[in-house]
Amino acid sequence: MFVYNIFMDGEVNETYITLEGHVELHKYKYLYFAVTLTVYIFIVISNLTIVYLIWMHTNLHEPMYIFIAALLLNSVVFSTNIYPKLLSDFLSEKQVISYPACYLQFFLFYCLGASEFSLLAAMAYDRYVSICKPLQYAAIMGRNTMSIYLSLAWLVPACLIAVMVILSANTKLCRLNINGILCNNSIYSLHCVDSKVQTVFGAVVLVMTLLFPMLFIVFTYTRIFIICYHSSKDVRKKAAQTCMPHLLVLISFSCLCAFDVIIVRLGSNFTKVVRLIMTLQAVLYHPLFNPIIYGLKMREISKQLTRLFSQVKVINH
């Protein structure tokens, strides 16, 4: 099922990891393929449609909508990191992945996941300034500030996760099979020994990319709710319209992270079917959830979507 450093013609073949999390693949591979392809196409089209609308309409060139576009692009790349490989595995006789490709998938999985928390934190701060300091909003949330937040949201997680990959990439392997369908934290189960340096640095990365942004988001929205409670009905209505979609997305993404942790930490206590379902939950509903929430709950985006669909109907008729 795998190849491990076999010398042939003076060259060294790559190490291959077997993905053992698939269930009844020989029976349902075409069904799995059709459903997954449909979901992936819908994820790409729905997310990129809203990104296109934000890009095309100047009234949506505000920090709040730019952050939403960045979040949706993040979802597209996140899904592209997972779904094409899944589709290939469904139709392959052996579900394997090279060790470098496995770490690349691991890197993108957690880099983009951490970036999402950073983007949600930036969006929370944007809403805080907009609602609590409206007269200073233009000065605080200028184009340069927004660019810095976007850059940091992607660069900081990328650097931290890259260090994690470098620390563990050359670790000796005692196993070459993963009880899953993708390369997440379960990749550490392949190692012969646990590295204290990796463990400590992993905890630091977790605090910096997940705990700090989450605490900042909770603090920011708490401040917003306190101020709105003592404000007029119009202020409370504005806060509800703009903050609720972000909170729903935050809850959705937190569930994704919870599933990932549960799968890795308690996966051995579950049957293969349960592990598969939980993994699919972790990578399925959130990329679908984002465009639906922002398309339906953000008034200006909803207006532009309605106009777009109306134009499509006119062209078709």
Side-chain angles (χ1 to χ4, degrees), residues 19 21-22 25 29 31-55 66-92 95 97 101-120 123 150 153-154 157-158 161 165 178 180-187 209-210 245-246 248-261 263-264 275-296 301 305:
L19 302 172
H22 296 276
L25 193 55
K29 63 179 180 180
L31 176 62
Y32 288 160
F33 182 87
V35 172
T36 304
L37 180 61
T38 302
V39 169
Y40 179 55
I41 291 172
F42 186 78
I43 287 172
V44 172
I45 292 176
S46 58
N47 281 276
L48 291 185
T49 297
I50 295 180
V51 172
Y52 169 77
L53 291 174
I54 293 171
W55 178 55
I66 300 299
F67 286 134
I68 289 174
L71 201 69
L72 298 181
L73 283 174
N74 211 64
S75 291
V76 172
V77 180
F78 178 86
S79 299
T80 301
N81 179 46
I82 295 169
Y83 281 86
K85 172 58 179 166
L86 270 181
L87 292 168
S88 173
D89 283 342
F90 291 150
L91 299 182
S92 301
Q95 290 69 51
I97 184 171
C102 193
Y103 259 109
L104 176 60
Q105 189 178 66
F106 169 92
F107 169 77
L108 291 173
F109 185 86
Y110 289 105
C111 174
L112 295 168
S115 295
E116 184 132 351
F117 265 114
S118 300
L119 288 169
L120 288 169
M123 293 163 78
L150 285 174
W154 278 309
I161 304 300
V165 171
I178 291 177
I181 60 174
L182 56 89
C183 295
N184 54 8
N185 263 329
S186 56
I187 198 171
T209 61
L210 194 152
H246 303 324
L248 291 173
V249 169
L250 175 64
I251 293 169
S252 167
F253 189 64
S254 298
C255 290
L256 183 155
C257 296
F259 275 124
D260 181 65
V261 172
I263 291 165
V264 174
R275 285 202 306 270
L276 176 64
I277 292 172
M278 292 181 70
T279 303
L280 291 176
Q281 290 270 349
V283 301
L284 175 65
Y285 71 83
H286 183 68
L288 286 171
F289 188 73
N290 282 0
I292 292 172
I293 286 298
Y294 288 122
L296 295 178
I301 294 177
L305 274 174

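Proximity of S79 to Y40: side-chain heavy atoms (C-beta onward) are separated by under 4.5 Å at one or more points. Contact of the L108 side chain with the F78 side chain is not registered, since no non-hydrogen atoms from C-beta on lie closer than 4.5 Å. Residues L182 and Q105 have side chains in contact (heavy-atom distance under 4.5 Å, counting atoms from C-beta outward). Between V51 and V76, the closest side-chain pair of non-hydrogen atoms is not below 4.5 Å.
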T209 vs F117, side chain to side chain contact (heavy atoms under 4.5 Å, CB included): CA-CA, chis, key distance, verdict
CA-CA 7 Å; T209 61; F117 265 114; over 6 Å; no
Audit row: H22, L86, side chain to side chain contact (heavy atoms under 4.5 Å, CB included) steps and yes/no
CA-CA 10 Å; H22 296 276; L86 270 181; 4.1 Å; yes
Tabulate below the donor-acceptor pairs under 3.5 Å that side-chain atoms of residues 67-75 make, not counting sequence neighbours, or state none.
residue, atom, partner, partner atom, Å
N74, OD1, W154, NE1, 2.8
N74, ND2, L112, O, 2.8
S75, OG, L71, O, 3.4
S75, OG, N290, ND2, 3.1

N/O donor-acceptor pairs under 3.5 Å from side chains in residues 41-50, not counting sequence neighbours:
residue, atom, partner, partner atom, Å
S46, OG, F42, O, 2.6
S46, OG, I43, O, 3.2
N47, ND2, I43, O, 2.7
N47, ND2, P287, O, 3.1
T49, OG1, I45, O, 2.5

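Closest of all the heavy-atom pairs between I293 and L248 is CD1-CD1, 3.8 Å. Contact record, P157 with S118: CG-OG, 4.0 Å, taken as the closest heavy-atom pair. Of all heavy-atom pairs spanning I178 and C183, the tightest one is CD1-SG, 4.2 Å.
A distance below 6.0 Å separates the ring centres of Y110 and F106.
No side-chain donor-acceptor contact under 3.5 Å links Q95 to the backbone of L19.
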